[in-house]
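Just follow the structure's listing: the first ligand is 1, and inside any ligand the first atom is 1. As the structure is a computational prediction, the values presented were derived from the model and not from experiment.
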Amino acid sequence: MTDVAEPQHPCPIPVAELIDLERHPVDRPDSPLYAALVAETRAKLDDDGCAVISQFLHDEALPVMSAEIRGIRPFLHESTIHINPYFSEGDPLLPKDHAINTFAERSGGFIPRDAFAATSAIDAVYQWPPLLAFIADCLDLPEIHCYADPLAGLTINALDPGQQFAWHYDTNDYAVTILVDEASEGGLFQYSPNIRTAGDENFDCVRSCQGEDLTTVRTLQLRSGDLQIFRGRFSLHRVTKVATDSPARHTAVFAYTEKPDVIGRLERTRQLFGRALPAHEAAERSRSRSDELKD
Ligand SMILES: O=C(O)CCC(=O)C(=O)O
Ligand SMILES: [Fe+2]
């Protein structure tokens, strides 16, 4: 038998020209530099749930990716809502100034996966097998797969001038993002490491953050081209308002799953994207066929 070569991504630019592999040798798992990078990233994740690999991308990749995002911005879905950190309704039985009853603006938009061209450089990095193996190593997982969802797998988060993402927790265990376009002012990622635990919501401390007491809060100085791995289940976080005279802030959000071929639920997809694709309907049908429950 002959070895089957990795299928080539149709992006005309090789990944080696997009990721700075000299500095961050994610493709050389047997090298001491790779071991050091994984150890450092794991240590940061253990310490406060956040690891940043600075200048992960080559500077030359940034204008290419920025231009790509500008090209697909017509597919941006924008909304302005007011959220509490739990994305839930308020609780009339609790005091008015309780963390659960404290809402703040979440304004911004996202560009869905099906807007990306087949030749996308952002997609080439997202899907690159050595990167997936490296991220799995950092998270101490046997393997990860690209989220097969045709709308949610790879997205761009956009914050235009004047927009912000208020304090919240994520529902997923970890997020992998690359900042492509930074704001010139504002648009700062802030987080309060492990402010809650599985057994203690620590509402008082959450309320302090909401009231702009930033004693427990760390602020990242992210730059375009930085890669961030963030565990957002237990660490309250936000992106501050992008200044009104700043360019838009764009992050590429890489979604992965531990099992292959995972697709989002039909109803949830309709809520998030305002539409679903035939793949979502097919997945839902095969789910109900394989469901052996009686009700
Ligand atoms: O755009 C970012 O840097 C991350 C925003 C965020 O917290 C999220 O999408 O859940
Ligand atoms: Fe988040």
Side-chain angles (χ1 to χ4, degrees), residues 44-45 48-54 56-57 62 65-66 69 72-73 76-88 99 103-113 122 125-126 135 147 149 151-196 206 209-210 217-243 246-256 264 268 271-273:
K44 289 182 192 159
L45 287 170
D48 73 352
C50 181
V52 176
I53 303 181
S54 298
F56 187 71
L57 298 181
L62 294 172
M65 293 185 178
S66 288
I69 294 172
I72 56 177
R73 276 224 17 151
L76 184 73
H77 292 261
E78 284 195 283
S79 64
T80 298
I81 52 177
H82 285 78
I83 58 165
N84 68 12
Y86 317 96
F87 294 96
S88 68
F103 289 77
E105 182 181 306
R106 187 275 185 260
S107 44
F110 63 87
I111 303 173
R113 185 181 204 348
I122 299 172
V125 173
Y126 167 56
I135 290 170
Y147 185 22
D149 192 283
L151 292 177
L154 169 67
T155 52
I156 301 294
N157 262 355
L159 287 182
D160 281 349
Q163 294 184 324
Q164 63 173 35
F165 198 156
W167 291 117
H168 68 282
Y169 295 105
D170 292 344
T171 47
N172 42 358
D173 282 341
Y174 63 89
V176 179
T177 48
I178 290 185
L179 182 62
V180 177
D181 296 310
E182 63 189 60
S184 56
E185 200 188 330
L188 295 172
F189 187 91
Q190 295 185 318
Y191 65 111
S192 177
N194 295 317
I195 186 175
R196 74 171 175 182
V206 171
C209 294
Q210 292 169 315
V217 170
R218 298 184 185 171
T219 300
L220 290 183
Q221 297 299 327
L222 289 174
R223 289 273 166 261
S224 295
D226 291 355
L227 178 133
Q228 180 186 11
I229 307 177
F230 182 65
R231 291 191 184 281
R233 279 292 292 144
F234 299 104
S235 297
L236 189 73
H237 59 284
R238 71 172 172 183
V239 183
T240 63
K241 186 170 285 201
V242 172
S246 164
R249 176 184 188 273
H250 294 130
T251 49
V253 183
F254 293 178
Y256 298 109
R268 183 79 184 126
Q271 276 166 12
L272 286 174
F273 295 89

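- Nearest-heavy-atom check against atom 5 (C) of ligand 1 across Phe165, Trp167, Tyr191, Phe230 picks out Phe165.
- Remark: Arg196 qualifies as a cation-pi partner of Tyr169 under the 6.0 Å distance and 45° angle criteria applied to the six-membered ring.
- Heavy-atom minimum distance, Cys209 versus Leu236: CB-CD2, 3.8 Å.
- Using cut-offs of 30° and 60° for the angle between ring planes, the His168 and Phe165 rings count as parallel.
- Looking at Arg113 and Asp149, no side-chain N of the basic residue comes within less than 4.0 Å of a carboxylate O on the acidic one, giving no salt bridge.
- With a 4.0 Å cut-off on non-hydrogen atoms, Arg238 does not touch ligand 1 at all.
- Closest protein heavy atom to atom 9 (O) of ligand 1: Asn157 ND2, 3.0 Å.
- With respect to Asp160 and Arg73, a salt bridge is recorded, a charged nitrogen being found less than 4.0 Å from a carboxylate O.
- No side-chain heavy atom of Ser192 sits under 4.5 Å from any side-chain heavy atom of His237.
- Of all the heavy atoms of Val253, none lies under 4.0 Å from any atom of ligand 1, so neither backbone nor side chain is involved.
- Salt bridge annotation for Arg249-Glu182: absent, with no cationic side-chain nitrogen under 4.0 angstrom from a carboxylate oxygen.
- Residue His168 places a heavy atom under 4.0 Å from ligand 1.
- Counting only heavy atoms of the protein, atom 2 (C) of ligand 1 lies nearest to Arg249 NH1, 3.5 Å.
- When the N, O or S atoms of His168 are ranked by distance to the Fe ion (ligand 2), NE2 comes first.
- Taking the Fe ion (ligand 2) as reference, Asp170 places its N/O/S atom OD1 nearest.
- Under a 4.0 Å criterion applied to the non-hydrogen atoms of His237, ligand 1 contributes the atoms 7 (O).
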